[in-house]
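Below is one structure, written out as structure tokens, with a few remarks after it.
By convention here, the first residue in the shown sequence is residue 1.
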Amino acid sequence: QVRLEESGGGMVQPGGSLTLSCAASGRSFNDLPMAWFRQVPGKEREFLAAVTRSAAFTYYGDSVKGRFTISRHIGKNSMYLQMNNLKVEDTAAYYCAAASLVSTTYQEARGYDYWGQGTQVIVSS
């Protein structure tokens with residue numbers, strides 16, 4: 001079956017960096033949009049970044065403010081999120097997502113049909 005699995009989460013000091021990975025299996029997403037979201041308890045799932053088919057375009061949420069970079073490895077069915085200058089408010093569960101349509105609503109959770117289980121990122125001094 002289709003599966004997305006995040007890895008790379010953990011605990012980091014403010015100002016530090018983490019790289020999250022998303023491994024997909026069950027089908028190829030090389031020609032489909034993928035994205036990263038995060039969520040804290042009691043809050044809506046927040047869009048962070050998206051990358052289109054063949055990495056032609058990228059989109060970023062305003063809250064990222066240039067600190068995060070999304071990328072994908074075509075052929076490995078994998079996606080990554082490089083997070084720099086992390087802040088306490090970045091603490092959340094981070095999720096990777098993949099769409100089933102080439103043209104989707106890139107910046108909204110409803111635009112994606114497949115989701116990972118999430119990986120926890122804790123930014124604390």
Side-chain angles (χ1 to χ4, degrees):
Q1 63 181 31
V2 175
R3 183 184 181 191
L4 302 178
E5 184 173 9
E6 305 93 338
S7 62
M11 191 174 297
V12 65
Q13 300 276 4
S17 299
L18 282 175
T19 300
L20 304 182
S21 299
C22 176
S25 60
R27 69 178 296 176
S28 174
F29 291 99
N30 292 333
D31 295 319
L32 292 167
M34 298 185 72
W36 288 96
F37 289 77
R38 69 185 179 190
Q39 189 170 30
V40 298
K43 301 289 184 62
E44 294 183 350
R45 190 160 293 191
E46 178 188 12
F47 170 78
L48 299 177
V51 59
T52 65
R53 62 183 302 180
S54 302
F57 299 97
T58 57
Y59 303 85
Y60 292 95
D62 291 338
S63 63
V64 174
K65 300 185 184 300
R67 297 178 297 121
F68 295 1
T69 302
I70 189 172
S71 62
R72 67 194 305 171
H73 193 299
I74 304 300
K76 290 191 65 176
N77 219 18
S78 300
M79 181 182 62
Y80 311 92
L81 185 68
Q82 176 66 48
M83 305 185 293
N84 297 322
N85 192 25
L86 286 162
K87 304 175 180 180
V88 173
E89 52 264 42
D90 292 318
T91 298
Y94 284 69
Y95 298 86
C96 66
S100 61
L101 295 174
V102 173
S103 179
T104 190
T105 308
Y106 299 112
Q107 302 182 57
E108 297 184 8
R110 63 183 177 89
Y112 300 89
D113 302 295
Y114 306 100
W115 294 86
Q117 81 289 342
T119 185
Q120 185 69 40
V121 172
I122 301 174
V123 184
S124 176
S125 60

- Item | Approximate separation, where rounding is to 0.5 Å, of L20 CG and Q82 CD | 9.0 Å
- Side-chain touch Q13/S125, heavy atoms, less than 4.5 angstrom: yes
- Cluster check L4, Y80: I/L/V/M/F/W/Y, side chain < 4.5 angstrom: no
- Message: Are the side chains of Y95 and R45 in contact, using a 4.5 Å heavy-atom criterion?
- Response: yes
- Taking a hydrophobic cluster as the set of Ile, Leu, Val, Met, Phe, Trp and Tyr residues connected by side-chain heavy atoms closer than 4.5 Å, whether directly or through intermediates, do I70 and Y114 fall within one such cluster? yes
- Flag side-chain contact, heavy atom, 4.5 Å: D90 against F68: yes
- Task: Flag yes if more than 12 heavy atoms outside R3 fall under 6.0 Å of its CZ atom; otherwise flag no.
- Result: no
- Going by the ring pair (Phe, Tyr, Trp, His ring centres under 6.0 Å) test, name the single residue among Y106, Y112, Y94 that passes it with F37. Y112
- Are M79 and L48 co-members of a hydrophobic cluster defined by side-chain heavy atoms under 4.5 Å apart? yes
- Item | Interatomic spacing from OG1 in T119 to CD in Q117 - rounded to 0.5 Å | 7.0 Å
- Query: Can V121 and R38 be said to form a side chain to side chain contact (heavy atoms under 4.5 Å, CB included), step by step?
  - Reply: CA-CA 9 Å; V121 172; R38 69 185 179 190; over 6 Å; no
- For the residue pair V12 and M83, establish whether any side-chain heavy-atom pair is separated by less than 4.5 Å. no
- Going hydrophobic residue to hydrophobic residue with side-chain gaps under 4.5 angstrom, can you get from V102 over to V51? yes
